[in-house]
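This chain uses plain numbering: 1 for the first residue, then up along the sequence.
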Amino acid sequence: MKPLALTLGEPAGIGPDIAIAAWLRRNSDSVPPFYLLGDRAFISARARLLGVDLPLAEVAGGDVCRIFTDALPITSTGYPTTARPGHPDDNSAAAAIGSIRQAVSDVIAGHAAAIVTNPIAKSVLYRAGFAHPGHTEFLAELAAGDGKPRQPVMLLWSSDLAVVPVTIHLPLREAIATLSSPMIVDTVRIVVADLRSRFGIVRPRIAVSGLNPHAGEDGSLGTEDQTIVAPAVAILRADGIDVRGPLPADTMFHEAARRTYDCAICMYHDQALIPVKTLAFDRAVNVTLGLPFIRTSPDHGTAFDIAGTGRADPSSLIAALRLAARMADSTHSA
């Protein structure tokens with residue numbers, strides 16, 4: 001199998017810490033081979049700060065699997081990095097963006113099986129002129145280099161629960177105004193296609209939440225579930241998709257309910273992320289569907305307050321690496 005390309009993320013955050021920690025756990029946690037895209041001198045300095053004796057090997061993608069047992073493979077992106085833990089500096093944004101660009105280039109060229117992204121600090125990127133709401137939208141733009149428009153879909157996956165928000169990083173007022181039947185239909189079609197091709201689920205079972213409390217209670221608590229959500233579900237059923245809804249969101253996430261579906265489609269960000277982070281805060285993985293390549297990410301932020309202290313937990317990154325490898329294997333086997 002080809003290795004995974006792991007981005008640096010925000011260099012002042014915990015991305016470098018958990019990348020190092022994941023490699024150190026390569027045997028005990030069955031971490032699949034990956035290489036880190038970043039500045040070797042910077043990673044070496046962070047390892048010393050963490051008190052880790054870290055062997056590093058500058059490699060081309062094809063050498064990774066051979067040397068992964070003995071050294072952390074690293075590929076330079078050409079951006080010298082100087083940020084101190086918790087303190088982004090002027091080259092933080094360039095280092096983070098350059099790492100993402102190189103990862104996409106590598107996976108499209110066939111050097112990597114998938115991309116795993118470490119957390120970025122969007123505020124740092126915005127100050128440098130970054131024009132995208134986040135990772136997902138930037139990856140979609142990079143993927144569209146082949147001339148095909150992409151609609152990225154954010155899936156939060158864990159062994160306990162998989163959820164997708166139809167609207168993502170929008171204020172709640174805007175999310176409600178933006179929601180439409182075609183948006184729901186397009187999202188579910190992408191989810192179903194990727195669950196089949198990349199997760200090996202032959203007939204995915206989809207549960208669609210309502211927007212309003214109690215899914216609107218027949219219009220008495222809002223008409224959107226009748227006029228937007230229900231028509232989308234009807235179209236999806238006509239497609240032959242195993243889908244139910246709109247369902248009251250407050251009864252969708254207990255244990256017995258979760259056994260009845262493979263993925264929950266939610267109408268807005270917190271409706272999806274609160275239950276998955278409650279159930280699997282340290283194990284949830286952010287997956288971008290609808291792209292021509294596989295991308296996963298730990299489901300947490302940069303944690304500036306603990307960067308460089310050795311307290312960062314690599315569990316979510318390890319889960320992201322393992323899921324990326326599983327998805328790549330399912331895609332290759334399909």
(Q) Please report the interatomic distance CD(Gln271) to CD1(Ile274), rounded to the nearest 0.5 Å. (A) 9.5 Å
Q) Between Arg205 and Asp262, is the closest basic N to carboxylate O distance under 4.0 Å? A) yes
Q.
For Arg40 and Ser44: C-alpha separation, side-chain torsions, deciding distance, then whether side chain to side chain donor-acceptor pair (under 3.5 Å) applies.
A. CA-CA 6 Å; Arg40 179 173 181 167; Ser44 182; over 6 Å; no
Q) What about Met252 and Leu211, same hydrophobic cluster or not, with Ile/Leu/Val/Met/Phe/Trp/Tyr joined at side-chain heavy-atom distances under 4.5 Å? A) no
Q: Look only at the side chain of Thr187 and the backbone of Met183, and say whether a donor-acceptor pair between them is shorter than 3.5 Å.
A: yes
Q.
I want to check something: taking the side chain as every heavy atom from C-beta on, are Leu8 and Pro16 in contact at a cut-off of under 4.5 Å?
A. yes
Q | Nearest-0.5 Å distance, CE of residue Met327 to CG of residue Leu195 | A | 8.5 Å
Q | Within one Ile-Leu-Val-Met-Phe-Trp-Tyr cluster: Leu56 and Tyr79, side-chain cutoff 4.5 Å | A | no
Q) How many angstroms lie between atom CD1 of Ile20 and atom CG of Leu317, to the nearest 0.5 angstrom? A) 11.5 Å
Q) What heavy-atom pair brings Gly86 and Ala307 nearest, and what distance separates the two atoms? A) N-CB, 4.0 Å
(Q) Going by salt bridge (charged side-chain N to carboxylate O under 4.0 Å, His left out), name the residues that satisfy it together with Asp313, two or more places apart in sequence or in a different chain. (A) none
(Q) Applying a strict under-4.5 Å side-chain criterion to I, L, V, M, F, W and Y, I'd like to know whether Ile176 and Ile184 cluster together. (A) yes
Q | Test log, rule side-chain contact (heavy atoms from CB on, under 4.5 Å), inputs Leu236 and Val185 | A | CA-CA 6 Å; Leu236 293 163; Val185 169; 4.1 Å; yes
Q) So, Thr117 versus Arg295: side-chain donor-acceptor pair below 3.5 Å or not? A) yes
Q.
For the backbone of Ala215 and the side chain of Asn212, can you confirm whether one donor and one acceptor N or O come within less than 3.5 Å of each other?
A. no
(Q) Tyr35 vs Phe68, test: ring pair (Phe, Tyr, Trp, His ring centres under 6.0 Å). Steps then yes/no. (A) CA-CA 8 Å; Tyr35 62 98; Phe68 186 75; over 10 Å; no
Q. Stepwise, does the side-chain contact (heavy atoms from CB on, under 4.5 Å) test hold for His214 with Leu221?
A. CA-CA 8 Å; His214 303 172; Leu221 294 177; 4.3 Å; yes
**Q.** Non-hydrogen side-chain atoms of Ile43 and Ile74 separated by less than 4.5 Å
**A.** yes
Q. Any side-chain heavy atom of Ile97 within less than 4.5 Å of one from Phe130?
A. yes
Q.
Could you tell me if the side chain of Ile120 sits less than 4.5 Å from the side chain of Leu125, heavy atoms only?
A. yes
Q) Quick check: does any side chain N or O of Thr75 sit under 3.5 Å from a backbone N or O of Val59, one acting as donor and the other as acceptor? A) yes
Q. Between the side chain of Ser220 and the main-chain N/O of Glu217, is any donor-acceptor distance below 3.5 Å?
A. yes
**Q.** Gap separating the CE atom of Met154 from the OG1 atom of Thr288, nearest 0.5 angstrom
**A.** 8.5 Å
Q. Can you get from Leu247 to Leu273 by hopping between Ile, Leu, Val, Met, Phe, Trp and Tyr side chains that sit under 4.5 Å apart?
A. yes
Q. For the residue pair Pro88 and Phe304, what are the closest heavy atoms and their distance?
A. CG-CZ, 3.6 Å
(Q) Just by distance, no angles: are the side chains of Asp299 and Asn286 close enough, under 3.5 Å, to form a donor-acceptor pair? (A) no
Q) Okay, side chain of Thr178, backbone of Glu174: is any donor-acceptor separation there less than 3.5 Å? A) yes
Q. Do Asn118 and Leu6 come close enough that some side-chain heavy atom pair is under 4.5 Å?
A. yes
Q: Determine, stepwise, if the pair Ser30 / Arg25 fulfils side chain to side chain donor-acceptor pair (under 3.5 Å).
A: CA-CA 8 Å; Ser30 301; Arg25 296 191 189 183; over 6 Å; no
(Q) Once rounded to the nearest 0.5 Å, what's the spacing between atom CG of Leu139 and atom CD1 of Ile115? (A) 6.0 Å
Q) Hey, does the side chain of Arg198 reach the backbone of Ala328 with a donor-acceptor pair shorter than 3.5 angstrom? A) no
Q: Write down the atom of Ala5, the atom of Ala103, and the distance for their closest heavy-atom approach.
A: CB-CB, 4.2 Å
Q. Is there a side-chain contact (heavy atoms from CB on, under 4.5 Å) between Val191 and Leu155 once you walk through the steps?
A. CA-CA 8 Å; Val191 169; Leu155 166 72; 5.7 Å; no
Q) What is the minimum heavy-atom distance between Ser92 and Val124, and which atoms define it? A) CB-CG1, 4.1 Å
Q. Does the side chain of Glu58 come under 3.5 Å of the side chain of Ser76 through a donor N or O and an acceptor N or O?
A. no
Q) Do Val153 and Thr136 pass the side-chain contact (heavy atoms from CB on, under 4.5 Å) test, and can you show the C-alpha distance, the side-chain angles, and the key distance before you say yes or no? A) CA-CA 8 Å; Val153 170; Thr136 303; over 6 Å; no
**Q.** Ile190 reachable from Val243 in the ILVMFWY side-chain graph, under 4.5 Å edges
**A.** yes
When the side chains of residues 161-172 are checked against the rest of the protein, which donor-acceptor pairs come out under 3.5 Å, sequence neighbours left out?
residue, atom, partner, partner atom, Å
Thr167, OG1, Met267, O, 2.8

Q.
Looking at Asn91 and Pro80, would you say the former's side chain and the latter's main chain have a donor-acceptor pair under 3.5 Å?
A. yes
Q. In terms of side-chain heavy atoms, does Ser316 have a donor or acceptor partner in Asp282 at a distance below 3.5 Å?
A. no
Q.
Is it the case that atom CZ in Phe281 sees more than 12 heavy atoms from other parts of the structure closer than 6.0 Å?
A. no
**Q.** Shortest non-hydrogen contact from Ser209 toward Val229
**A.** O-CG1, 3.8 Å
Q. So does Asp250 have more than 12 non-hydrogen atoms from other groups sitting under 6.0 Å from CG?
A. yes
**Q.** Under 3.5 Å: donor-acceptor pair, side chain of Arg26, backbone of Trp23
**A.** yes
**Q.** Exam field: side chain Thr309 to backbone Ile306, donor-acceptor pair closer than 3.5 Å
**A.** yes
Q: Could you tell me which residues satisfy salt bridge (charged side-chain N to carboxylate O under 4.0 Å, His left out) with Asp160, sequence neighbours excluded, listed by chain and number?
A: Arg283
Q.
Could you check whether any side-chain heavy atom of Cys266 comes within less than 4.5 Å of a side-chain heavy atom of Phe253, counting everything from C-beta outward?
A. yes
Q) At their closest point, which heavy atom of Leu323 faces which heavy atom of Val287, and how far apart are they? A) CD2-CG2, 3.5 Å
(Q) Between Thr77 and Arg101, do the side chains contain a donor N or O and an acceptor N or O under 3.5 Å apart? (A) no
Q. Side chains of Leu179 and Tyr268: closer than 4.5 Å at any heavy-atom pair?
A. no
(Q) Between Ser99 and Ala95 (side chain of the first, backbone of the second, donor and acceptor by atom type, cut-off under 3.5 Å), is there such a pair? (A) no
Q) Roughly how far, to the nearest 0.5 Å, is CG of Leu4 from NZ of Lys2? A) 12.0 Å
Q. Is the closest side-chain heavy-atom distance between Phe42 and Thr82 below 4.5 Å?
A. no
